[in-house]
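What follows is a set of notes on a single structure, which appears directly below.
So you know, we letter chains A, B, ... as the sequences are listed, proteins then strands, and number each from 1.
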Amino acid sequence: MSQATTARPILPRAFYERDTVTVARELLGQIVVHEPARGETTAGRIVEVEAYVTQYLGERDRAAHSDRGLTPRTRIIFGPGGHAYVYFVYGMHECLNVVAEPAGIPGCVLIRALQPVAGIEAMQRRRPGEKRLDRLCSGPGNLTRAMEITRRHYGADLTSGRLTIRAGPPAIETVTAAGRIGIRHGGEWPLRFYLTENVAVTRPLKFRRYEADLSP
DNA sequence: CAATAGATCATCT
DNA sequence: GATGATCTATTGC
């Protein structure tokens with residue numbers, strides 16, 4: 001086992017306070033760490049993200065929650081970068097976003113898939129029935145469940161505290177840019193980024209093709 | 001294998 | 001009152 005994930009350097013505020021697409025791309029390979037007050041620490045390497053911006057090539061990003069303006073739910077997206085925006089969808093799932101851009105400019109990055117790094121047994125307990133380790137944190141709703149990230153983390157400062165993002169080993173994989181998934185507008189824009197061959201990356205329903213599990 | 005239905009509720013109209 | 005940055009089980013071929 002190499003260096004403990006909790007010993008890795010935390011990404012500083014300046015990392016986040018840049019344009020959202022840059023932050024999205026550079027989040028690939030970094031490590032989300034959750035150290036709850038009690039219970040097992042879990043960590044996962046970011047392998048898939050989506051950027052939600054104010055404009056793309058001059059057009060409004062109508063899929064971005066911040067597009068409707070400042071509301072109680074979206075207020076954190078308008079604040080300084082490096083905070084967690086966690087929201088609840090479909091009466092069932094929590095999704096983790098990272099706020100980008102300096103205060104006053106809305107922008108955030110949806111974390112869509114992680115490669116489990118630590119606390120795998122805890123993740124398995126929270127995701128009963130999932131047999132493949134590489135799918136424990138595959139999908140925005142699945143990774144929050146596996147890592148026990150909830151709306152209680154809304155607004156959490158990711159540069160300190162129990163939920164942090166830390167520098168991962170330099171990613172050597174190639175990055176693919178593709179359309180975002182599950183939205184009505186702006187689905188053709190290449191604002192989804194993932195490590196090309198990574199098995200945890202999700203696919204649009206239409207193209208899902210799960211290979212057989214070859215692990216023992 | 002592919003397509004669809006149902007779960008279930010915060011948010012905004 | 002409708003909708004949604006989802007996921008899984010179930011149906012049908």
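Taking atom CG of A:D67 as the reference point, atom C1' of C:dG4 lies 15 Å away to the nearest angstrom. The interatomic distance linking A:I183 (CD1) with C:dA5 (P) rounds to 8 Å, in whole Å. The interatomic distance linking A:E50 (CD) with C:dT6 (C1') rounds to 12 Å, in whole Å. As a whole-Å value, the separation of A:M92 CE from C:dT3 P is 18 Å. One can place NE2 of A:H185 at 12 Å from C1' of C:dT3, the figure rounded to the nearest angstrom. Following rounding to the nearest Å, A:H65 (NE2) and B:dT11 (P) show an atom-to-atom distance of 11 Å. Atom CD of A:E48 and atom P of C:dT6 are 10 Å apart (whole Å). The CG-C1' distance, from A:L110 to C:dT6, rounds to 11 Å in whole Å.
Across all strands shown, A:F88 has heavy atoms under 4.0 Å from sugar-phosphate atoms exclusively, and none from any base. The residue A:R192 sits apart from the nucleic acid: no heavy atom pair falls under 4.0 Å. When heavy atoms are screened at a 4.0 angstrom cut-off, A:R68 is found touching no nucleic acid atom at all. Across all strands shown, A:R73 has heavy atoms under 4.0 Å from sugar-phosphate atoms exclusively, and none from any base. Backbone-only engagement by A:R151 is indicated by non-hydrogen atom pairs under 4.0 Å involving sugar-phosphate atoms exclusively. Looking at heavy-atom distances under 4.0 Å, A:N142 makes contact with sugar-phosphate atoms alone, never a base.
Phosphate contact (OP1/OP2 of B:dC12, side-chain N/O of A:T71, threshold under 4.0 Å): present. Taking side-chain N and O atoms only, A:R112 has no distance below 4.0 Å to OP1 or OP2 of C:dA5. Dashed line: the shortest gap from a side-chain N or O of A:R127 to OP1 or OP2 of C:dT8 is under 4.0 Å.
Under the Watson-Crick and G-U wobble criteria, each requiring two contacts below 3.5 Å, nucleotide C:dA5 is left unpaired. Remark: B:dT13 base-pairs with no nucleotide in the shown strands. Criterion, Watson-Crick or G-U wobble with two distances under 3.5 Å. In this entry C:dT10 has B:dA3 as its Watson-Crick or G-U wobble partner, both defining distances falling under 3.5 Å.
If you check distances only, the side chain of A:Y87 does reach the base of C:dA5 with a donor-acceptor pair under 3.5 Å.
Within the cation-pi definition used here (under 6.0 Å to the ring centroid, within 45° of the axis), A:R151 qualifies as a partner of A:F88.
When A:R62, A:R60, A:H185 are each tested for a side chain to side chain donor-acceptor pair (under 3.5 Å) with A:D67, only one passes: A:R60.
Rounded to a whole angstrom, the distance from the P atom of B:dA5 to that of C:dT3 is 15 Å.
A:R145 CZ: 12 or fewer foreign heavy atoms inside a 6.0 Å radius. More than 12 heavy atoms of other shown residues, nucleotides or ligands fall within 6.0 angstrom of atom CZ in A:R13.
Judged by centroid separation below 5.5 Å and plane tilt below 30°, A:Y52 stacks onto the base of C:dA5.
Interatomic distance, CZ of A:F78 versus OG1 of A:T54, reported as 9.0 Å (0.5 Å rounding).
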Evaluate the criterion side chain to side chain contact (heavy atoms under 4.5 Å, CB included) for residue pair A:T164 and A:I10; output intermediate values, then yes/no. CA-CA 7 Å; A:T164 51; A:I10 292 176; 3.8 Å; yes
